[in-house]
Trainee: 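Let me begin by handing over the structure; questions about it come next.
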Amino acid sequence: MGDAGNIEVRTGGRHWDWPMLLTTMALLVIGLATLAAATAAPIGDEISARVVKQALFMGVGLVVMVVFAFVDARVFEQVAYVVYGVVLVLLLAVLLFAPEVNGSQRWLPLGGFRLQPSELAKIALVLAAARWFSTRPREDGWGLKELVQPAAMFLLPMAALTFMEPDLGTTLFLCFIFAGISFVVGLRWRTMAILVVIGTIAAPLAYQFVLTDYQRGRVDTLFAPEQAPKGKGYQAIQGRWAIGSGEVWGKGWRQGTQGRLKFLPEQHTDFIFSVYAEERGFVGSMVLLFLYFGQMLLGLLVAWNARDRFSSLLAAGIVTVLFCHVCINLGGVLGLLPITGVTLPLLSYGGSSILTTLVGIGMLLSVSMRRMGSERL
Amino acid sequence: MSGRMGGAFGTRSRRSAPALRRDARPQDLRNRLSAYAALMLFVLLVLLGRLWVLQVVRGEEYAREAQSNHLKEREIPAPRGSIYDAEGQRLAEVRASFDLVIQPRDVDATPVGDRQPRRRSSVPGADGGGGAEDDGAAGLLGGPLLDDLWTIEERTDILTLSERLAPLLDDSTVDEVLERWDEARKTSRHRQLVLAPDVSFEELERVLANRPRLPGISVASRHRRSYSDPELFAHLLGYQREVRTDDLKRLRSKYKDTDHGEDWYESGDLIGKFGIEAGWEEWLRGTDGAYWVQVDALGRQLGRSADPNQPGAEYFRSIAHFLDTEVIPEVPGHDLHLTVRSDLQRLGYDLLGEQSGSVVMLEVNTGRVLSLVNAPSFDPAIFARRLPPHTWNALQNDPQRPMVDKSLTGIYPPGSTWKMLVAAAVLGSETWTKDTSVVCKGGHRIGRRTWHCWKRSGHGKVDLDGALKGSCDTYFYRAGLAMGIDEVAHYASMFGMGKPTGIGINSESGALNPTTAWKKRRYGSGSRGVWTPGDTASAVIGQGATLATPIQLAVMTAALANGGLVYRPLIVDRVVAADGRVVHREDPQVKSQVDLAPEHFDAIREGMFSVVNEVGGTARRQRLPELAFAGKTGTAQVVALGASNAKEHRDHAWFVAFAPYEDPEVAITVLVENGEHGSTAAAPIARKMFELYFKERMAEAKEAGLRIGAPAEDE
């Protein structure tokens, strides 16, 4: 490929995307430290067993990430539909075999480890959609009519299966991913406007007729948490007090009273940001947000520089997954969106979340390493 | 493949031909990627803006809220003052006790209409694996974490909580717990509410062992009363009960503008309801203090000051100044030192034994009460807890009325003890002199009816001395008729009859000192309201309309002994603060003075002396060789003569006395309900009380062959 070397070709072949790697490592370190604070018993200096477990997951995840980084993106492209099919089967297996916990089926017990296929579904959807769209560039963009086919092929099966678990949060999440990818491939602005109008009209109707009482309560809580300070609004209010009480500089690591004294429900998973914000204050929260958004913007840069359409779309899709996670989680914790069970990537406790996030970043690194001009290995 | 790629790189036109090739460079996506980046930056700004609002703009406010979350005000209960008898013996003190309490904000209220059994929500670790179903909250928020002890216990509702709590208690039902909750919530929605008062150590252990299942419930220590001799002093000391909701409103407004403040009483507090506990409540009650503790979300207390091992030690140090300065010390209640002597009280109570009655003894020159006995009695401890209706009914329906303070509120016909008042009136009004004599032939005829003397055979010719000595009814019929009832009532009133003595506890009764005006008021201006000579005859021998309380007769007797000073009876000698300072002293207080010449007092006292010491005296058998005392028996009809001889229809026996005869020191009233004869049922009790009071001096007198208080001419 000598004739290619004249343009934008970087020497040396592989390039580690160090900024991406460093932001990821920084988030992992912050995540582990925050988890240590969130799981600390009110008295004593012991480190919770969960921190060790999480560190283990992070270690495994980093190895997996590096492995994925070395895999050529073409391999992802080739296996995209296969992965999609496998995950679809897993989702079906969940419906058939998973034990019912709290009224829904989500976890597949795999000998000591519980797999949550809905986490994998996010990556699988990105892979499949990226592959499908990559060979179908449209000069005049995508309208609703054109989107029916990919939506029916990729989004609908997964959305239907997760909806039946029921796991409405994941169903919506998958819709957002699909929307994100559609946006990148050129969803028409006019179509977007129509979708926004439909959404605005549909939201109150869905609130009234589709949501369960419990989910309605979550929405109500968003708008008036004080109405039920100890009921449904408990989480929202305690989280708000935790974040607010951090003020500018925070209370210090493991000094947050809201977190340490367990006033925050789900503080090591979905509400871990409130623990962090309480202990690190506005300054620390700003640093964390810069890290997240820096990482996502770097991901967009990877997509920008990607050597082919699939790689670009894959990168954009992974960034979309991260973006949705961060927005929905922080939006809920900060009281801008209803509280839903969406984890904060790399901070929330949980093996499935850590592993899938690091797999995604591994794929970003893979794309980044083979960016324009460096595709010849 | 490589050729195609090469072509792509070679031609730098990115929008034309290569755009359709699958691995063409994705330049066509770049517009959208830029727009995506712009959207991200916008979201970042929104999130940063929100954080700015929460942490910087409203940070202080939320910091306060978070602080109130984990820093809880804890009450330092102020001990109630102790009560001592005249000799410093402790009659009432405080003991530590424990209540189970809850903060209203820590539990969901169950609407009253929604009280049907409902599915219990699951409790990690408590119900085993079986109760995993719940409302799905954990589901939406991630997997359930059954192994996590520090995850906040699912907050529950009061009904569930009661259902878990009640079985751990010895004798509380779910309904009782809920009832307490409802009642307490009416007064305060913010302060802690008592769900179970005064739990035993065993109950406490069970509750603490089950604490994870009882989110929100905490233990409050509280002082409660313990009485050294509960039944002996039940009516005098009284008892406390939990303050009632309607009382609370009244107390709030009462103390609103005082130093105590309107929150001096709170729901669940104890308040004196009877006896000295009620009458001296303001002195006895202390003011609770408060301190701050750090608690976790389950209400577990972690510490009260900076401790290096404590959670948030850094933060704690930063608020240490607050914890230190915000300790409000409790102010203990004042101690009361009574005038009552336990030994006299005990003797009077024992002497009454199974009988129903009263023994009131007081100092004639001060009005200080030495004994205030009521029998039978009750155990005030029954009021410490919710009183079962059957216990209450049994006490209410007992014919001996153990709950009634007979000494202060029992109104009885005083019988012949009233005759001293008639004597005072007849001498004072100069209707007769002490030497005026009357012939008693066993009765006196008024109109067509004969009013009998108790001695049907008659007393023969009697003067005042003889009339008192033999308690001759005929003499007093004639005396009363000679001056009219209003004259008698005037003198009786001067001795304090017909109005409360002012002892200050138990809503004492004023009884009745009848007059012609009274009868008109009572029965109207028609013929029914006309005072008749027969009414006078009844009234002057302490029957008919005439009524008195034992304490009134004791004050009267003291006034006869001291020459006419009517003292307000005192039961408290002094009030002592916790630091030993005497903050209040009850000084003897003369309420009124009887307008009667000294020689008339002498004449009446001589008659009372004869009662005990002369042949023919109705209490002659109680004469003491070492102590000269004077008294008067009384036998008060409960129902008209000729009625059945059932126990409850037998006459009440009275005896009033003072001692020594010369320079008197103490006066006594003894009432034995249905005791039949003052001379046999009541007088011996008085004599034995004197024997105890004068014990040492009588022993000395016996040694020396003297008689204490004997009149000069008696030798």
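First the proteins, then the strands, lettered A, B, ... as listed; each starts at 1. Note: hydrogens, waters and symmetry copies are ignored here, and every other heavy atom, side chains too, is used.
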Trainee: So B/Leu51 and A/Phe273, side chain to side chain contact (heavy atoms under 4.5 Å, CB included) or not? Walk me through it.
Mentor: CA-CA 11 Å; B/Leu51 273 170; A/Phe273 177 75; 4.0 Å; yes

Trainee: Which value, rounded to the nearest 0.5 Å, describes the distance between B/Leu47 atom CG and A/Met286 atom CE?
Mentor: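 B/Leu47 CG to A/Met286 CE: 13.5 Å, rounded to 0.5 Å.
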
Trainee: Return the option, out of A/Ser311, A/Gly281, A/Ser348, A/Gly252, with the maximum number of heavy-atom pairs under 4.5 Å with chain B.
Mentor: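 Sorted descending by pairs with chain B, the first entry is A/Gly281.
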
Trainee: For a quick test of reading the model, state the closest non-hydrogen atom pair linking B/Ala66 to A/Lys251 and the distance between them.
Mentor: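 The pair with the smallest heavy-atom distance is CB-NZ, 4.2 Å.
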
Trainee: Does a side-chain heavy-atom distance below 4.5 Å link B/Leu39 with A/Phe323?
Mentor: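 SC-SC contact between B/Leu39 and A/Phe323 confirmed.
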
Trainee: Mind listing the closest non-hydrogen atom pair of B/Ala63 and A/Glu247 along with its distance?
Mentor: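 Looking at all heavy atoms of both residues, the closest pair is CB-OE2, 3.3 Å.
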
Trainee: With a 4.5 angstrom heavy-atom cut-off, could you sort out which part of A/Thr320 is near chain B: side chain, backbone, both or neither?
Mentor: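 Both backbone and side chain.
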
Trainee: Got a sec, which residues hit side chain to side chain donor-acceptor pair (under 3.5 Å) with A/Ser353, two or more places apart in sequence or on another chain?
Mentor: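 Scan of A/Ser353 (side chain to side chain donor-acceptor pair (under 3.5 Å), adjacent residues dropped) gives A/Thr343.
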
Trainee: According to salt bridge (charged side-chain N to carboxylate O under 4.0 Å, His left out), who are the partners of A/Arg136, at least two apart in sequence or on a separate chain?
Mentor: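 Salt bridge (charged side-chain N to carboxylate O under 4.0 Å, His left out) list for A/Arg136, sorted by chain: empty.
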
Trainee: Select one option (side chain, backbone, both, neither) describing which atoms of A/Trp189 are under 4.5 Å from chain B's heavy atoms.
Mentor: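 The answer is both parts of A/Trp189.
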
Trainee: List the steps, then state whether side chain to side chain contact (heavy atoms under 4.5 Å, CB included) holds for B/Val43 with A/Phe293.
Mentor: CA-CA 9 Å; B/Val43 169; A/Phe293 282 84; 3.9 Å; yes

Trainee: Starting at CD of B/Gln55, measure out to CZ of A/Arg240 and round the result to the nearest 0.5 Å.
Mentor: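 It comes to 13.0 Å.
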
Trainee: Name the region of A/Phe133, side chain, backbone, both or neither, that has any atom closer than 4.5 Å to a heavy atom of chain B.
Mentor: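 It is neither, since no heavy atom gets under 4.5 Å.
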
Trainee: Please classify the contact of A/Ala242 with chain B as side chain, backbone, both or neither, using a heavy-atom distance under 4.5 Å.
Mentor: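 Nothing of A/Ala242, per the 4.5 Å heavy-atom cut-off to chain B.
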
Trainee: Ignoring hydrogens, what is the shortest heavy-atom contact between A/Ser312 and B/Leu33? Give both atom names and the distance.
Mentor: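 Heavy atoms only, the tightest pair is OG-CD1, 4.1 Å.
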
Trainee: Testing the basics here: between B/Ala35 and A/Phe183, what is the closest heavy-atom pair and its distance to 0.1 Å?
Mentor: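 Minimum heavy-atom separation between B/Ala35 and A/Phe183: CB-CZ, 3.7 Å.
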
Trainee: For A/Phe282 and B/Trp52, which heavy atoms make the closest approach, and how far apart are they?
Mentor: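 Between these two residues, the closest heavy atoms are CE1-N, 3.5 Å.
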
Trainee: Just so I understand: if I count every heavy-atom pair under 4.5 Å between each of A/Ala277, A/Gly246, A/Gly180 and chain B, which residue has the most?
Mentor: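 So the answer, after comparing A/Ala277, A/Gly246, A/Gly180, is A/Ala277.
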
Trainee: Using side chain to side chain contact (heavy atoms under 4.5 Å, CB included), reason through A/Leu297 and B/Met40 one step at a time and then give a plain yes or no.
Mentor: CA-CA 8 Å; A/Leu297 289 169; B/Met40 269 183 196; 4.1 Å; yes

Trainee: Quick one, A/Leu300 with B/Arg32, criterion side chain to side chain contact (heavy atoms under 4.5 Å, CB included). Give me CA distance, side-chain angles, the key distance, then yes/no.
Mentor: CA-CA 10 Å; A/Leu300 287 184; B/Arg32 285 304 169 89; over 6 Å; no

Trainee: Where does B/Glu60 contact chain A at under 4.5 Å (heavy atoms): side chain, backbone, both or neither?
Mentor: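 For B/Glu60, the contact with chain A is made by backbone and side chain together.
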
Trainee: Find the distance between OH (B/Tyr36) and CE (A/Met296) and round it off to the nearest 0.5 Å.
Mentor: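 Nearest 0.5 Å value for the OH-CE distance: 8.5 Å.
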
Trainee: Please classify the contact between A/Leu301 and chain B as side chain, backbone, both or neither, with a heavy-atom cut-off of under 4.5 Å.
Mentor: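 For A/Leu301, no heavy atom lies under 4.5 Å from chain B.
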
Trainee: Which pair of heavy atoms, one from B/Arg50 and one from A/Leu336, lies closest together, and at what distance?
Mentor: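 Minimum heavy-atom separation between B/Arg50 and A/Leu336: CD-CD2, 3.7 Å.
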
Trainee: Under 4.5 Å between any side-chain heavy atoms of B/Leu29 and A/Pro137, yes or no?
Mentor: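 No, every pair of side-chain atoms sits at 4.5 Å or beyond.
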
Trainee: Who among B/Leu54, B/Leu41, B/Val53 has the most heavy-atom pairs with chain A under 4.5 Å?
Mentor: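 Top option by heavy-atom pairs under 4.5 Å: B/Leu54.
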
Trainee: If I take atom CG from residue B/Leu48 and atom OG from residue A/Ser285, how far apart are they, to the nearest 0.5 angstrom?
Mentor: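 Nearest 0.5 Å value for the CG-OG distance: 9.0 Å.
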
